[in-house]
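Values in this document were obtained by computation on a predicted structure and should not be read as measured data. Just so you know, ligand 1 is whichever comes first in the structure, and atom 1 is the first atom listed for that ligand. The first residue of the sequence shown is numbered 1, and numbering continues consecutively from there.
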Amino acid sequence: MKTKITTVTLNAAIDKTYYVPDLKKGTVMRADKVLSMAGGKGVNVARVLHQLGHPEVAATGFASGYNGKFIMDQVKETGIASEFVGALGESRLCLNFLDGQDGSSTEVLEPGPDINEEHLDNLKRKLRQLSEESKLVIFSGSIPKGLSSGLYADLIEISRSAGAEVFLDASGDPLLQGIEAKPSFIKPNEDEIVPLLAGNGQQHLYDGVQLLMAKGIPNVVVTLGGEGAVAGVGGKLYRVRIPKINAVNTVGCGDAFVAGFAYGYVRDWSAVECLRYAAAAGCANALSAVAGDVQQTKHQELLKQVHVEEGNR
Ligand code: TA6
């Protein structure tokens, strides 16, 4: 039986977190501390899956230049199979400025490298091979400039025809087009559900989730930051409630959520167990200084404090 989970990060990054005592636009600021981590959404998902104890995790996507080497080296050192393909120029830096005054986070994300037809063919070949070996393939994050926003739909088709199940965590057009390829899981943002239906409020979110399930997507989750999440799994609706925590850095919480859900999903856990595990992973990530980092002890502790109820209240 296959156990491998492959994550796909088309625009892999080095996530740099700057601790700035008092962030002020238009001034010169000196950072107290800087942390650098291999990132981009799929890389974060891979790292958290590994930290949660999933035995076989691979990461692919585009990585190039000095930054790409940093990303691939760190992925390998973590114990994740690095299966990236090259592109032209430098992989991007994603900068996150944490303000010491109010704890807010301000992100600046570079566009990323140039990708031509040959690079794309290499990625498709690599993806086909990894999908044959994998139980689940998770596509996460933005599509690099110059590539079609329908790309996820094509890649999902490749993975599925090679025998893997597929999760998609994207936004905007890549998500809307990717939905047409019916991935097994999506995690739209609250504001992406809004254009799907008229009206607003929480009931509206449940209607959006139901509509997406009716389109043939069995697992739909909308995370709501400190308010937890609403979800639709196998035709039923769920409300996920999380404890109040003192968040250190919320960047990567969504990725940790996806990793937690995937961990349970490939083990055929119930909807409630998958959602509980996922939400606890998201919360645990917020307690770490770096993006996409879940400590087992914190995760175990938080698991006891997450509550998942069936229904739309
Ligand atoms: O989810 C957080 C994060 O993965 C950051 O680490 C940063 O790299 C960013 O998202 C990239 O998102 P994007 O959607 O542009 O691929």
Self-check item: Numbering as shown, the atoms of ligand 1 that approach Gly141 to under 4.0 Å (heavy-atom distance)
Solution: 14 (O), 16 (O)
Quiz prompt | Ser36 versus Ile14, closest heavy-atom pair with distance | solution = CB-CG2, 4.1 Å
Quiz prompt | Partner of Val43 under side-chain contact (heavy atoms from CB on, under 4.5 Å), chosen from Asp255, Thr7, Val75 | solution = Val75
Practice problem: May I ask you to say whether Glu273 pairs ionically with Arg276, meaning some side-chain N is under 4.0 Å from a carboxylate O? | Solution: yes
Practice problem: Would you mind telling me if ligand 1 is within reach of the side chain of Cys94, the backbone, both or neither, using heavy atoms under 4.0 Å? | Solution: side chain
Quiz item: Salt bridge check: are Lys2 and Glu56 linked by an N-O gap of less than 4.0 Å?
Solution: no
Self-check item: Side chain, backbone, both or neither: the part of Arg92 lying under 4.0 Å from ligand 1 by heavy atom
Solution: side chain
Quiz item: When you measure from atom 1 (O) of ligand 1 to every protein heavy atom, which one gives the shortest distance, and what is it?
Solution: Asp255 OD2, 2.8 Å
Exercise. For the residue pair Tyr265 and Phe167, categorise the inter-ring angle as parallel (less than 30°), tilted (30 to 60°) or perpendicular (more than 60°).
Key: perpendicular
Quiz prompt | Test of proximity, Lys41 against ligand 1: N or O pairs below 3.5 Å | solution = yes
Quiz item: In this structure, which one of Leu130, Ile138, Leu127 forms a side-chain contact (heavy atoms from CB on, under 4.5 Å) with Ser159?
Solution: Leu127
Quiz item: Quick one: does Asp15 get a heavy atom under 4.0 Å from ligand 1?
Solution: yes
Exercise. Pick one of side chain, backbone, both or neither for how Asn44 approaches ligand 1, counting any non-hydrogen atom pair under 4.0 Å.
Key: side chain
Quiz item: Can you find a non-hydrogen atom of Gly40 under 4.0 Å from ligand 1?
Solution: yes
